[in-house]
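Each ligand, and each atom within it, is numbered from 1 in the order the structure gives. All heavy atoms count here, side chains included; hydrogens, waters and symmetry mates do not.
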Amino acid sequence: MAVPQLPVLAIDVGGTKLAAAAVDRAGQLLAADRIPTPRVASADDLFEVLADQCRRVLRAAETDVVAIGVGCGGPMEYPSGRVSTLNIPVWRDFPLRERLVTAFDRPCVVDNDANALALAEQWRGAGRGSTNMLGMVVSTGVGGGIILEGHLLHGFGGNAGHIGHIVAWPDGPPCRCGARGCIEGVASGTGLARRVTAAVAEGAETRLVPGATAAEIAVAARQGDHLAAELFRTAGECVGRGIASAAALLDLELVTIGGSIALHAWDLLGPPLLSELERSARLAFTRNVRVVQAELGDAAGLYGAAMLAFRSLDS
Ligand SMILES: [Zn+2]
């Protein structure tokens, strides 16, 4: 039997929330805290808010921790843990890992939030039992984490898994990265909003207003708005095409899809995704890839961060 281990401190950092928890090996959250990401003047101010939150959690959990795991919005560098989280403008090349090690005197691993979500689904969600899976997120952006032969892939600079920037629509809508037809530019919340704006400017007949949110587009699509329905159809097709490509490249067994759009608009995204996947994945090993919705909700980031820490202790 494995030696019982002290819990770890799990941290989930994003543009909209900061979350922290003490998590044990069985996956119990011993204490957890979640706050909106504050708008503060400096990188240090934001770090102090996060460090205070961690201290609150450790006091409430009444336990010591052996390591710290962090899932953080990218871009970032792995393993150095220097982060430039897109939606946190005060952190640019911020040495988050180093600062946490100094503040809490524990080993710390900082990884991409999409990688953390993939580990979470494998540990406690829809990916249980799979050692060759892609954990995808379709939300404000589109991202993914790849677990292959049980290993979480990082690549040259820690950026493996960026499925959102696979080009699935040649000369398609522009993406924030500068390319055209990336899955993220077509199917993410920000991509959908930009596509509505462009379509309205071109005179499309729709009840949608420029910059509409994914939730608003979903409501309109269900009420028969043609533009809204078309946006979701093409979004689903591009995600399906991207999964077919990823499956061919990686020999995947399973793809889990989470994130707000996958969670709240699967009725619109899922059918075109699965039919395009069937059309595009024609090899015996790509045809067999299972695509399922992610099972974990808000706590997924914390579970994933905890698993990052446990894995770093085991390696
Ligand atoms: Zn892109």
Glu48, CD: over 12 other non-hydrogen atoms inside 6.0 angstrom: yes
Over 12 non-hydrogen atoms of neighbours within 6.0 angstrom of CG in Asp314: yes
Side-chain H-bond candidate by donor/acceptor type, Arg176 with Ser188, under 3.5 Å: no
N, O or S atoms of the protein lying under 2.8 Å from the Zn ion (ligand 1): His165 ND1, Cys175 SG, Cys177 SG, Cys182 SG
Exercise: do Asn112 and His162 side chains pair donor with acceptor under 3.5 Å: no
Whether Trp123 and Tyr303 hold their rings parallel, tilted or perpendicular, with breakpoints at 30° and 60°: perpendicular
Within-4.5 Å side-chain heavy-atom neighbours: Val110 and Val13: no
